Amino acid sequence: MITFAPNVTPLGVIEPLPITSSPNFAGCSLAFAKAHGSPAQRRILAAVERWLDVPKGYTATVTSKLARGHGGAPMTLAKPGWHWDGFEHVGARPDFDSWDPKVKHFVVNFHADPEWGTVAPTEYAVQSIAIPGADPYPELAAAMRGQPTAEFEANTLYAFDQQTVHRSGYVRRPGWRMFVRVSVSRRVPIEVVDTLPVQVYMDLAAADHGR
C-alpha cells in the first residue's frame, strides 16, 4: 500500500511579460537560468527566490518549457496523466521510500496574456489517496476518478512536494504557455539551453487521463 498525501500551496500571482523569446531549460542552476533566461523567466525566478530555502547538500534546479497548445489535447510536455515529481529511482522504478520533506517544487504556468484565461491548467490532488501494491502508476488514474482536485489561474506561483499527485489539463484555448519549475533536491544541475519551442500534440488514447 502506497499513500500519497498532497500538499500544494498558492504563493501569489506574477505580473505578465512576453514569453515567446524564452529558452527551454532542463534542470539547470538558478544562476545559469538567470544568466540565459528571458525577462519573463528572470521575473519568475525572482518571485521564487523570495520563498526559496535550499538546505545544505541540496540544489535548486530550473526546468522551463515554452509550448503552444492546440485545442482538445492535454498540455503534457513530459509525463502524460496523473504522476508525481521528485522521487529517486532504482533502475526505472521510483523508490517511494526516498520521500524527503526537504524536496519541494515551485511552479508557475506563465502566460503573456492571462486576462484571456489559461491555455491549459495543471490539476492537483487535494486529499490523500491510498493505492495497493508496490507500483501505483497503473492504478493512479482509476484511483483519482471522482477525487476533488485544485487548479490555479494563469501566472499563479505555487509550491508542492513529492506526494502531490498532479496532471496536465486539457487545452482550453490555443496559445502559448511557459511552464517553469524550480525544484529543491539533491540533483546535479544540467547547464543546457534549448531555444526550440514545443508544439504539443497528443494521442488521447495513448494517455489514460482519467476522463
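Please read these numbers as outputs of a predicted model, since none were measured by experiment.
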Rounded to the nearest 0.5 Å, what separation is found between the [atom1] atom of [X] and the [atom2] atom of [Y]?
X	Y	atom1	atom2	answer
L66	I19	CG	CD1	5.5 Å
E15	I44	CD	CD1	12.0 Å
S185	K102	OG	NZ	13.0 Å

Q. Going by the salt bridge (charged side-chain N to carboxylate O under 4.0 Å, His left out) test, which pairs reach into residues 29-38, not counting sequence neighbours?
A.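 Output for this query lists K34-E49.
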Testing the basics here: between [X] and [Y], what is the closest heavy-atom pair and its distance to 0.1 Å?
X	Y	answer
R187	T61	O-CG2, 4.1 Å
V182	L45	CG2-CD2, 3.7 Å
A154	P114	CB-CB, 4.0 Å
D85	H83	OD1-CD2, 3.4 Å
S38	S22	OG-OG, 2.7 Å
T3	A130	OG1-CB, 3.8 Å

Q. Is the ring centre of W84 less than 6.0 Å from the ring centre of F4?
A.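 Yes, the ring of W84 comes within the 6.0 Å limit of the ring of F4, centre to centre.
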Q: Give a yes or no answer on whether the side chain of Q41 reaches the backbone of P23 with a donor-acceptor pair at less than 3.5 Å.
A: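 The answer is yes, because a donor-acceptor pair under 3.5 Å joins these two groups.
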(Q) Please check this pair: side chain of T164 against backbone of N7, looking for a donor-acceptor N/O pair closer than 3.5 Å. (A)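 Yes, T164 side chain to N7 backbone: donor-acceptor pair under 3.5 Å.
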Q: For side chain to side chain contact (heavy atoms under 4.5 Å, CB included), just list the numbers for R43 and I14, CA-CA rounded to whole Å, side-chain angles, deciding distance to a tenth of an Å, and then say yes or no.
A: CA-CA 8 Å; R43 175 173 288 183; I14 302 173; 3.8 Å; yes
Q: Using the side-chain contact (heavy atoms from CB on, under 4.5 Å) rule, pick out the option among R68, R172, R173 that qualifies with V119.
A: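 Passing option: R173.
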Q: Find out whether T63 and S183 are in side-chain contact, i.e. whether some heavy atom of one side chain is under 4.5 Å from a heavy atom of the other.
A: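 Result no, sub-4.5 Å side-chain heavy-atom pair not found.
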Q | Sole residue of Y158, F160, F179 in ring pair (Phe, Tyr, Trp, His ring centres under 6.0 Å) with H166 | A |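 Of the listed options, the one satisfying the test is F160.
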